[in-house]
K.L.:
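I have a structure I would like to understand better, so I am pasting it below and will then ask my questions one at a time.
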Amino acid sequence: MENQEKMNDEKLKSLEAIFEAKIANDEKIEPKDWMPEKYRKTHIRQISQHAHSEIVGMLPEGNWITRAPSLRRKVALLAKVQDEAGHGLYLYSACETLGISREEMYEQLHSGKAKYSSIFNYPTLTWADMGAIGWLVDGAAIINQVPLCNTSFGPYARAMVRVCKEESFHQRQGYEIMMTLCNGTQEQKDMAQDALNRWWWPSLMMFGPTDDESTHTEQSMKWKLKRKTNDELRQQFIDQTVPQADILGLTVPDPDLKYNNDTGHYNFGKIDWDEFWQVVKGHGMCNKERVSARKNAWDNGKWVRDAAVAYAEKKSDKEEVRKAV
Ligand code: BYC
């Protein structure tokens, strides 16, 4: 018995050493490789929340597909929203390789156990919001996700490569909407400014709490799940986006925003973290509406899932009969 325990202990140590060496050498961890339970769980948490964000993220923009101002705008918006469904599907599949079922993940979303990005709990009030979301929200997503192409878990890293290419198209279509509005009538330019005023701060919150308040950053950086911290990514986003607002002739709604010659970065004002936590805890403007839309979609799709299972069973029965004769 003692020998058995000793052997198990040695085996565990050697598995841990192989795992740590792979992380240190920037090799990918694949689903069938041994991994610490906490690594598996934290990946399920982040990847499933990321997947939920993509799927819930379809809702605010889906709201404008029928009201897009031209056929061209409608085609582009439709394609973007469909891309988001695709991103959700890659991510759910990547997460399933860690041993959680899709049903469990949906259940966690519907019961409020799993989070999704705070940004999607804000309403889309005007067409300019489609521009602001593409420019700012997808812009923030690119900054957050490009480093994730290098994350240590293989299926997540590979999914991110494709997702980032598509996000780049999304960001451009958003910026182009903003450019068109800003070169239009005064009313259109005001609409663009109003959208920037409403989406700026929530976009900064997308990167998560400050590093000193972040629960997971330290461990996730060690595992190379996260390659940059929340604050580093937020600063990168601000540095990149402020000059883009200048080109549009729009004003970023932050009186404390100022380029700092010494650091080469923009200093910025205080983020309202109370608002952020309220939204994360389910008390944002649209939390209830978003979760209930997802629950309804799941309930209404039951007949499709049942039919697909019945068809697969029928097909496999026929196959069995064919093999038997
Ligand atoms: N919203 O320790 P922290 C898209 C939670 S979709 C809500 O820093 P972590 C798009 C966090 O989960 C893009 N919750 O966490 C789609 C944690 O709570 P739990 C979505 C947030 O994981 C459609 C707690 O706060 N992108 O682009 O180290 C249309 C403490 O935080 C948020 C991703 O999902 C938030 N904003 O870092 C258009 C990227 N921030 O889990 C566009 C992948 C934090 O302990 N995810 N929390 O209960 C990540 O990179 C990281 O998970 C985060 C947070 C940077 C978001």
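Computed from a predicted structure; not experimentally measured. Order of listing sets the numbers, starting from 1, for every ligand and every atom in it.
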K.L.:
At less than 4.0 angstrom from any non-hydrogen atom of Trp277, what atoms of ligand 1 do you find?
P.N.:
25 (O)

K.L.:
Does ligand 1 have an atom under 4.0 Å from some heavy atom of Gln145?
P.N.:
yes

K.L.:
With the threshold set at under 4.0 angstrom, would you say Glu213 reaches ligand 1 through any of its heavy atoms?
P.N.:
no

K.L.:
With heavy-atom distances below 4.0 Å as the criterion, list the atoms of ligand 1 near Glu84.
P.N.:
23 (C), 29 (C), 38 (C)

K.L.:
Between NZ of Lys224 and CE of Met221, what distance do you get to the nearest 0.5 Å?
P.N.:
10.5 Å

K.L.:
Could Glu176 and Arg172 be called an ion pair, given the rule that one side-chain N must be under 4.0 Å from one carboxylate O?
P.N.:
no

K.L.:
If you measure from each non-hydrogen atom of Asp138 to ligand 1, which part falls under 4.0 Å: side chain, backbone, both or neither?
P.N.:
side chain

K.L.:
May I ask you to decide whether Lys80 forms a salt bridge with Glu84, counting only side-chain N to carboxylate O separations under 4.0 Å?
P.N.:
yes

K.L.:
With a 4.5 Å cut-off on side-chain heavy atoms, are Trp223 and Thr151 touching?
P.N.:
no

K.L.:
Between atom CD of Gln173 and atom CE of Met178, what is the distance when rounded to the nearest 0.5 Å?
P.N.:
11.5 Å

K.L.:
Looking only at the side chains, is there a donor atom on one of Gln278 and Asp274 sitting less than 3.5 Å from an acceptor on the other?
P.N.:
no

K.L.:
Quick one: do Asp211 and Arg234 make a salt bridge, cutoff under 4.0 Å?
P.N.:
no

K.L.:
Could you see which bit of Ile119 sits under 4.0 Å from ligand 1, with heavy atoms only: side chain, backbone, both or neither?
P.N.:
neither

K.L.:
Is at least one protein non-hydrogen atom found at under 4.0 angstrom from atom 32 (C) of ligand 1?
P.N.:
yes

K.L.:
For atom 3 (P) of ligand 1, what is the closest protein heavy atom, and at what distance to 0.1 Å?
P.N.:
Ser214 OG, 3.4 Å

K.L.:
If I apply the N/O under 3.5 Å rule, does Ser118 come out as touching ligand 1?
P.N.:
yes

K.L.:
Hey, which of Leu148, Ile143, Ile142 is the one that makes side-chain contact (heavy atoms from CB on, under 4.5 Å) with Gln145?
P.N.:
Leu148

K.L.:
Test your reading of the structure: does Ser220 have an N or O sitting under 3.5 Å from an N or O of ligand 1?
P.N.:
no

K.L.:
As an exercise, identify every atom of ligand 1 less than 4.0 angstrom from a heavy atom of Gln49.
P.N.:
12 (O), 41 (O)

K.L.:
Can you tell me which residue and heavy atom of the protein come closest to atom 46 (N) of ligand 1, and the distance to 0.1 Å?
P.N.:
Gln46 NE2, 3.5 Å

K.L.:
List ligand 1 atoms under 4.0 Å from Lys115, heavy atoms only on the residue side.
P.N.:
5 (C), 12 (O), 14 (N), 18 (O), 19 (P), 48 (O)

K.L.:
Would you check if there is a donor-acceptor pair between the side chains of His170 and Glu167 at a distance under 3.5 Å?
P.N.:
yes

K.L.:
Which ligand 1 atoms, with their elements, are less than 4.0 angstrom from a heavy-atom of Ser53?
P.N.:
6 (S), 16 (C), 20 (C)

K.L.:
Need the ligand 1 atom indices (1-based, order shown) with element for anything under 4.0 Å from a heavy-atom of Gly208.
P.N.:
40 (N), 44 (C)

K.L.:
Does the side chain of Asn260 reach to within under 4.5 Å of the side chain of His265, using non-hydrogen atoms?
P.N.:
no

K.L.:
Between Arg162 and Tyr90, is there a side-chain donor-acceptor contact under 3.5 Å, judged purely by atom types and distance?
P.N.:
yes

K.L.:
Starting from atom 27 (O) of ligand 1, find the nearest protein heavy-atom neighbour and note its residue, name and distance.
P.N.:
Ala141 CB, 3.0 Å

K.L.:
Between His87 and ligand 1, find which residue part has any heavy-atom pair under 4.0 Å and reply side chain, backbone, both or neither.
P.N.:
neither

K.L.:
With heavy-atom distances below 4.0 Å as the criterion, list the atoms of ligand 1 near Thr215.
P.N.:
2 (O), 30 (C)

K.L.:
For Tyr156, take its heavy atoms, then give the atoms of ligand 1 lying under 4.0 Å from any of them.
P.N.:
43 (C)

K.L.:
Kindly identify the option in His50, Met58, Met206 whose heavy atom sits closest to atom 56 (C) of ligand 1.
P.N.:
Met206

K.L.:
I want to know if ligand 1 touches Arg45 in the polar sense, i.e. an N/O pair below 3.5 angstrom.
P.N.:
yes

K.L.:
Any Lys/Arg nitrogen of Lys13 or Glu16 sitting under 4.0 Å from an Asp/Glu carboxylate oxygen of the other?
P.N.:
no

K.L.:
For the residue pair Tyr92 / His52, report whether a side-chain donor-acceptor contact shorter than 3.5 Å exists.
P.N.:
yes

K.L.:
Quick one: look at Phe207 and ligand 1, take heavy-atom pairs under 4.0 Å, and tell me if it's side chain, backbone, both or neither.
P.N.:
backbone

K.L.:
Just to be sure I read this right, does ligand 1 sit under 4.0 Å from the backbone of Ile133, its side chain, both, or neither, counting only heavy atoms?
P.N.:
neither

K.L.:
Please check: side-chain N/O of Asn197 versus main-chain N/O of Pro253, any donor-acceptor pairing under 3.5 Å?
P.N.:
no

K.L.:
Determine whether the side chain, the backbone, both or neither of Tyr116 has a heavy atom under 4.0 Å from any heavy atom of ligand 1.
P.N.:
backbone

K.L.:
Who's the nearest protein heavy-atom neighbour of atom 50 (O) of ligand 1, and how far?
P.N.:
Asn144 ND2, 3.0 Å

K.L.:
Can you report which non-hydrogen protein atom sits closest to atom 21 (C) of ligand 1, along with the distance?
P.N.:
Phe276 CZ, 4.0 Å

K.L.:
Quick one: do the Arg45 and Ser220 side chains pair a donor with an acceptor below 3.5 Å?
P.N.:
no

K.L.:
Which residue owns the protein heavy atom closest to atom 10 (C) of ligand 1, what's the atom, and how far is it?
P.N.:
Phe120 CZ, 3.5 Å

K.L.:
Less than 4.0 angstrom from a charged side-chain N to a carboxylate O is my criterion; do Lys270 and Asp256 meet it?
P.N.:
no

K.L.:
For atom 45 (O) of ligand 1, what is the closest protein heavy atom, and at what distance to 0.1 Å?
P.N.:
His216 NE2, 2.6 Å

K.L.:
Does any N/O atom on Lys226 come nearer than 3.5 Å to any N/O atom on ligand 1?
P.N.:
yes

K.L.:
Roughly how far, to the nearest 0.5 Å, is CG of Leu257 from CZ of Phe268?
P.N.:
9.0 Å

